[in-house]
Number of protein chains: 2
Amino acid sequence: MATETEENYIKAIFKITEKNQGTANTNAVAQHLNTSPASVTDMLKRLSEKEYFHYEKYKGVYLTTKGIKLATNLVRKHRLWEVFLVDKLKFQWDEVHDIAEQLEHVDSDELITRLDTFLGNPKYDPHGDPIPNADGKFTLRSQTSLMNLQKGETGIVVGVRNHDTPFLQYLNKICVNLGTKISVVNNIDFDHSKEVSIDDENRVILSQKACVNIYVKKTND
Amino acid sequence: MATETEENYIKAIFKITEKNQGTANTNAVAQHLNTSPASVTDMLKRLSEKEYFHYEKYKGVYLTTKGIKLATNLVRKHRLWEVFLVDKLKFQWDEVHDIAEQLEHVDSDELITRLDTFLGNPKYDPHGDPIPNADGKFTLRSQTSLMNLQKGETGIVVGVRNHDTPFLQYLNKICVNLGTKISVVNNIDFDHSKEVSIDDENRVILSQKACVNIYVKKTND
DNA sequence: TCACATTTTTAGACTAATCTAAATTATAAT
DNA sequence: ATTATAATTTAGATTAGTCTAAAAATGTGA
């Protein structure tokens with residue numbers, strides 16, 4: 001069994017490699033985990049001996065099958081616990097990350113199997129991120145950034161790109177959540193912001209930055 | 001915040017002092033935690049500096065108010081999670097201890113408050129042990145050992161003294177659980193065992209050891 | 001391609017938690 | 001009260017994970 005620290009390293013490497021052509025370098029890992037690059041180097045040496053990833057001095061790391069399996073299982077556990085916290089315990093989507101970060105390290109396959117069943121085998125977490133199944137497979141979904149919706153088009157919010165608390169709380173305030181219907185009323189060209197209507201009720205101006213971070217599924221209305 | 005290890009020491013000391021006139025000695029703690037007495041001595045020194053308990057060389061320790069508060073909170077968390085595992089995830093009562101042992105270290109007061117509400121503010125865990133409230137107060141219950149029931153008397157199972165897996169599985173097998181009705185049909189004097197009827201259906205012989213470890217509430221039928 | 005900046009690694013040290021073996025203190029029995 | 005035994009502590013070492021400061025390797029721009 002991997003220690004909690006080891007799990008956190010592997011998860012960090014997984015997240016970094018996802019957005020970086022399959023490799024993670026020392027500094028990126030250090031930044032992600034809020035530790036010193038020196039500590040990371042030490043750890044990379046030790047963990048690569050345990051075959052979670054390949055490590056070459058000065059070249060960074062890339063995960064092995066074993067490492068990917070561990071990482072996706074952690075993602076699975078994290079996201080299932082987030083569903084539990086929001087659906088069952090009525091937390092808001094901006095409050096669950098830190099708690100799920102702890103819960104994901106609880107070690108029991110049976111627990112996760114049963115939790116999954118209890119929650120109704122959800123495919124997406126409270127931020128719209130896909131929950132890998134027990135084999136590590138993600139269910140992908142056709143989605144686009146709200147930025148890509150033209151004037152007059154409508155979509156249903158299915159996810160967010162940014163997970164930071166302030167952004168999520170802002171969305172709470174303007175009543176945007178998963179499942180919310182958003183229609184583009186006007187494109188404001190000079191700063192690429194959009195005037196949108198939310199659930200056919202409120203009209204709001206969303207900045208380019210906000211639009212980029214909201215994923216929607218286009219609808220025909 | 002206390003580390004997981006620190007929490008485990010304090011919980012062990014709490015459990016030992018509960019059955020030992022308020023003090024715990026080095027060997028008992030070592031045995032309880034499966035470590036060496038030398039490690040325990042080290043830890044007692046360090047933890048007593050953090051004011052969780054008083055420690056005098058060669059004399060053992062007793063908890064401070066701070067220590068008792070931490071310990072009862074851990075007990076509370078452990079037992080609430082056990083309720084969750086049995087009531088919601090449908091684990092059996094003999095399967096939940098190790099998982100709850102991990103879950104109890106997750107740090108979030110809000111989580112426990114919400115979990116308590118979600119579970120309907122249970123007063124007892126799946127083994128019939130009382131769940132302390134947020135202030136550390138236990139709800140006590142009038143109960144007696146099955147050993148004290150006379151021929152013809154009846155009781156409802158409200159708890160177990162022994163929590164070991166084999167004992168709990170044995171009770172599963174003979175259909176004894178919390179809420180089960182047990183009537184004493186005959187006392188067998190020579191070995192202090194009892195012939196009992198279980199939920200008015202099965203008749204079984206329970207050894208003295210089994211009877212001592214089953215708590216019941218007497219009923220008038 | 002050479003010098004400078006950036007990234008990474010090494011060296012050496014620290015803390016928490018553990019161990020074994022040896023020394024010390026307490027306890028119980030004659 | 002003395003001695004044997006049991007309990008406890010000390011000494012010294014180990015492992016995981018971390019740090020800072022310094023050295024080495026890599027990458028980049030003129």
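Lettering of chains follows the sequences in order, A, B, ..., and the numbering in each one begins at 1. Scope of the values below: all heavy atoms of this structure, side chains included, with no hydrogens, waters or symmetry mates.
Comparing Lys59(A) and Val40(A) against DNA chain D, the residue whose closest nucleotide sits nearer the 5' end is Val40(A). Both Tyr9(B) and Gly60(A) sit near DNA chain C, but only Gly60(A) has its closest nucleotide nearer the 5' end. Positionally, the nearest nucleotide of DNA chain C for Lys50(B) lies more toward the 5' end than for the other of Ser36(B) and Lys50(B).
Summarising the geometry, the separation between CG on Leu33(A) and C1' on dC19(D) is reported as 15 Å, rounded to the nearest angstrom. Separating the CG atom of Asn34(A) from the P atom of dT18(D) is a distance of 11 Å, rounded to the nearest angstrom. Atom CG in Leu44(B) sits about 16 Å away from atom P in dA16(C), given to the nearest Å. Taking atom CG of Asp42(B) as the reference point, atom C1' of dG12(D) lies 11 Å away to the nearest angstrom. Atom pair Met1(A):CE and dA16(D):P shows a separation of 14 Å (rounding to whole Å applied). Atom P of nucleotide dT7(C) and atom CG of Asn25(A) are separated by 9 Å, given to the nearest angstrom. In this structure, Glu4(A) places its CD atom 15 Å from C1' of dA16(C), rounding to the nearest Å. Computed from coordinates, the Met43(A) CE to dT9(C) C1' distance equals 17 Å when rounded to whole Å.
Minimum atom distance to the side chain of Tyr58(A) is reached by dT9(C), of the listed dA16(C), dT9(D), dT9(C). Counting only heavy atoms from C-beta on, Ala38(B) has its side chain closest to dA11(D) among dT8(D), dA17(C), dA11(D).
Checking His127(B), His97(B), His163(B) one by one against His78(B), the ring-ring contact (aromatic ring centres under 6.0 Å, His included) holds for a single residue, His97(B). Across Lys77(A), Arg79(A), Lys11(A), a single residue satisfies salt bridge (Lys or Arg N to Asp or Glu O under 4.0 Å) together with Glu104(A), and that is Lys11(A).
Within the 4.0 Å cut-off from OP1 or OP2 of dT9(C), at least one side-chain nitrogen or oxygen of Tyr55(A) is found. For the pair Asn27(A) and dT6(C), the criterion of a side-chain N or O lying under 4.0 Å from OP1 or OP2 is not met. Ser39(B) has a side-chain polar atom (N or O) that falls below the 4.0 Å cut-off from OP1 or OP2 of dC19(C). Phosphate proximity of dT10(D) to Lys45(B): present, with a side-chain N or O under 4.0 Å from OP1 or OP2. Between Thr5(A) and dG17(D) there is a side-chain polar atom (N or O) within less than 4.0 angstrom of OP1 or OP2. At dT10(C), one or more side-chain N or O atoms of Lys57(A) fall inside 4.0 Å of OP1 or OP2 (strictly under the cut-off). Side-chain nitrogen and oxygen atoms of Thr41(A) include at least one within less than 4.0 Å of the OP1 or OP2 phosphate oxygen of dT9(C). An OP1 or OP2 oxygen of dT9(C) is reached within less than 4.0 angstrom by a side-chain nitrogen or oxygen of Thr26(A).
In summary, Glu110(A) and Arg114(A) engage in a salt bridge, as defined by a charged side-chain N under 4.0 Å from a carboxylate O.
Counting heavy atoms of neighbouring residues, nucleotides and ligands inside a 6.0 Å radius, atom CD of Gln31(B) does not exceed 12 of them.
Panel note: side chain Asp164(B), backbone Pro166(B); no donor-acceptor pair is recorded below 3.5 Å.
Remark: Lys88(A) is not positioned above the aromatic ring of Phe84(B), lacking an NZ or CZ atom under 6.0 angstrom from the ring centre and at most 45 degrees off the axis.
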